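Here the structure comes first, spelled out in structure tokens, and everything after it is commentary.
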Amino acid sequence: MHTDDTYLARIKDEIRAEADAARGRSPLPRREAPPAAPDPTAAADSPRVRTIPELSAAHHLDFLHGAFRAILKRPPDGPGELVQLRLLAAGASKVEILGNLRYSPEGREVGVEIPGLRPRYLLTKLFRVPVIGYLAEWLLALAGLPKLMHHLRASDTYNAARARDTAAAIDARFADHTRDIAEHQKLIEEQLDRLNRGSDDLRRVQTELAGFVEVAQRRFAALDGALDAVRDLSGSRIQTQIDELRHHVLSMNHWLTSLRRSVAALEDADAQQPARTLAAAVAERRLGGDPLRPLRLAAWRDALAAEIAGGGRVLDLGSGADWQAALAARNLAVDGADAGGLPSFLDDPATALARSGDGELAALSLLDAAAVLRRLPAAELFAAAQRALRSGGMLLIAFTDGPVSIADRLDGRGGFDADPALFAQALEAAGFAEVRRCDAADGSPALLARRR
């Protein structure tokens with residue numbers, strides 16, 4: 001109770017101080033200063049006199065936002081807005097909210113003038129004093145009861161007018177919606193009628209199409225039977241003729257390709273002869289000076305001859321005259337050397353393979369693999385070997401120097417990194433069987449593979 005007495009005494013002192021200040025003001029009426037011309041540079045939110053009715057005209061959040069902007073010159077922050085909104089919800093008056101904002105530290109700094117706010121604000125604070133505040137608020141409410149009744153009667157009239165206007169607006173809107181619904185219903189009915197008519201047309205067209213389809217099916221069945229009869233009579237004969245014609249066309253194309261390459265080789269023979277003569281001489285000297293070469297050739301020859309014991313034709317691609325002589329010593333028919341000791345097909349190993357018929361060769365050898373692969377990619381080489389070799393025929397690939405590699409280096413070409421494991425995998429992927437290493441005694445790598 002002591003605390004309440006102290007709070008009440010402080011409020012009374014503030015009321016007395018406000019009354020003394022009011023009595024000390026001049027009793028003379030103030031002259032209204034002529035309105036000053038608006039300053040275009042003045043801030044739009046500069047302090048000005050605001051009245052309590054002006055600030056209290058709005059309600060709820062509109063009232064709070066207007067009060068914050070008018071008194072504090074800023075929009076409300078979250079916590080501040082929540083505190084004042086809770087006070088409104090608890091029944092606090094708008095005057096108390098305005099006073100809380102105006103007499104806060106921020107409100108004093110802004111300094112918006114609101115005439116009559118202080119005494120009314122202090123009075124609302126007095127209402128919060130236990131017992132005394134209740135009596136004071138009761139007496140004030142009793143004194144203002146006539147005005148409150150006037151306000152209630154005015155509110156009733158206003159609410160009745162608003163209710164009538166709202167009912168009229170609802171009726172007008174309902175009439176509009178009813179009219180729109182009727183129009184939409186009419187449009188829907190028209191569309192349904194069109195759809196029904198379209199459905200009848202579709203059913204009629206469907207019936208006609210079904211008749212056409214039935215007739216077409218009968219005709220197709222008859223035609224299919226006739227075609228079956230023709231196929232039964234002449235199908236095998238026509239297919240045989242087609243196969244023979246395809247074989248003749250492929251043979252003619254193969255012959256024309258070989259002829260074209262042979263003509264090109266003949267036309268260029270004279271120009272290549274000096275280089276071929278020089279390469280032959282260098283190759284003979286270099287290969288003849290290798291003491292281990294005869295041993296390597298003999299080992300590879302014996303391994304190849306053992307696999308083709310039945311004999312047959314052997315095609316060599318650029319391995320050298322000494323290798324071909326070694327094969328001939330085992331009574332093997334060898335193609336691939338000319339009088340100069342160099343391969344006849346120095347520039348195009350594909351020509352030699354093209355001149356070989358399908359399944360004609362017992363074996364194919366290339367001891368100078370680097371030179372051949374520079375002129376014919378591995379995929380094309382393996383495909384041509386599969387065609388030219390007979391079933392069970394052998395392919396011998398060795399990675400040593402031969403006449404063509406020596407000729408390439410004389411022409412500024414060369415460079416090849418032999419990888420027998422890589423080529424063994426390539427041979428298996430190309431369809432060869434029994435792929436195995438056949439290295440010479442000095443470690444020179446070679447591969448043997450059999451055509452399936």
Side-chain angles (χ1 to χ4, degrees), residues 6-129 132-133 136-137 139-141 143-144 147-148 150-151 154-155 158:
T6 304
Y7 183 70
L8 181 61
R10 186 171 71 253
I11 292 176
K12 290 179 179 179
D13 292 340
E14 291 180 357
I15 294 174
R16 292 193 190 95
E18 183 67 24
D20 293 339
R23 284 193 295 271
R25 296 190 185 100
S26 174
L28 296 177
R30 294 182 298 173
R31 292 182 179 181
E32 296 292 337
D39 185 4
T41 62
D45 58 350
S46 57
R48 67 180 181 87
V49 177
R50 310 301 292 265
T51 64
I52 295 176
E54 176 187 359
L55 296 175
S56 302
H59 301 283
H60 202 247
L61 290 178
D62 293 337
F63 162 70
L64 281 179
H65 292 178
F68 269 88
R69 293 181 183 277
I71 298 174
L72 301 182
K73 305 302 180 185
R74 66 172 175 83
D77 53 31
E81 179 183 15
L82 183 60
V83 170
Q84 304 306 324
L85 187 61
R86 286 177 176 174
L87 288 175
L88 279 177
S93 66
K94 294 180 180 179
V95 171
E96 183 176 359
I97 304 302
L98 295 175
N100 290 340
L101 299 177
R102 173 60 183 82
Y103 297 111
S104 66
E106 185 179 357
R108 291 192 184 97
E109 183 177 354
V110 175
V112 174
E113 183 178 352
I114 305 175
L117 177 62
R118 178 179 287 274
R120 293 181 64 179
Y121 176 62
L122 294 175
L123 187 60
T124 59
K125 293 300 183 183
L126 176 63
F127 292 160
R128 293 190 176 277
V129 178
I132 296 177
E137 187 172 12
L139 291 173
L140 184 63
K147 188 174 182 180
L148 179 60
H150 284 290
H151 178 70
S155 297
Y158 174 76

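Only a predicted model underlies this, so the values are computations on that prediction, with no experimental measurement involved.
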State, to 0.1 Å, how close Ile114 and Leu55 come at their nearest heavy-atom pair, and which atoms those are. CD1-CD1, 3.7 Å

Is there a side-chain contact between Pro75 and His65 (heavy atoms, below 4.5 Å)? no

Sorted by chain and number, sequence neighbours left out, salt bridge (Lys or Arg N to Asp or Glu O under 4.0 Å) with Asp77 holds for Arg74

Do the non-hydrogen side-chain atoms of Ile71 and Glu106 ever get within less than 4.5 Å of each other? no

CG of Leu61 to CG of Leu85, rounded to nearest 0.5 Å, is 5.5 Å

Between Leu87 and Asn100, is there a side-chain heavy-atom distance shorter than 4.5 Å? yes

Closer than 4.0 angstrom, basic N to acidic O: yes or no for Lys125 and Glu96? yes

Does Pro53 offer a backbone N or O that forms a donor-acceptor pair with the side chain of Ser56 under 3.5 Å? no

Donor-acceptor contact below 3.5 Å, side chain Arg120 vs main chain Val95: no

With sequence neighbours left out, the residues meeting side chain to side chain contact (heavy atoms under 4.5 Å, CB included) with Leu122 are Glu14, Ile15, Arg118

Going by ring-ring contact (aromatic ring centres under 6.0 Å, His included), name the pairs with one or both residues in residues 80-124, residues two or more places apart or in two chains. Tyr103-Tyr121

With Ala58 via side chain to side chain contact (heavy atoms under 4.5 Å, CB included) - residues at least two apart: Asp62, Phe63

Who are the side chain to side chain contact (heavy atoms under 4.5 Å, CB included) partners of Leu82, not counting sequence neighbours? Arg86

In chain order, what residues pass the side-chain hydrogen bond (donor to acceptor under 3.5 Å, both in side chains) check against His60, with sequence neighbours excluded? none

Identify the heavy atoms of Leu72 and Ser104 that sit nearest to each other, and give their distance. CD2-OG, 4.3 Å

Answer yes or no: is there a side-chain heavy-atom contact under 4.5 Å between Leu64 and Leu88? yes

Report the distance from atom NZ of Lys94 to atom CD of Gln84, rounding to the nearest 0.5 Å. 14.0 Å

Testing the basics here: between Ala67 and Leu98, what is the closest heavy-atom pair and its distance to 0.1 Å? CB-CD2, 3.8 Å

Check Ala70 against Val112 and note the closest heavy-atom contact, atom names and distance. O-CG2, 3.3 Å

Where Glu81 and Phe68 come nearest, the two heavy atoms and their spacing: N-CZ, 4.1 Å

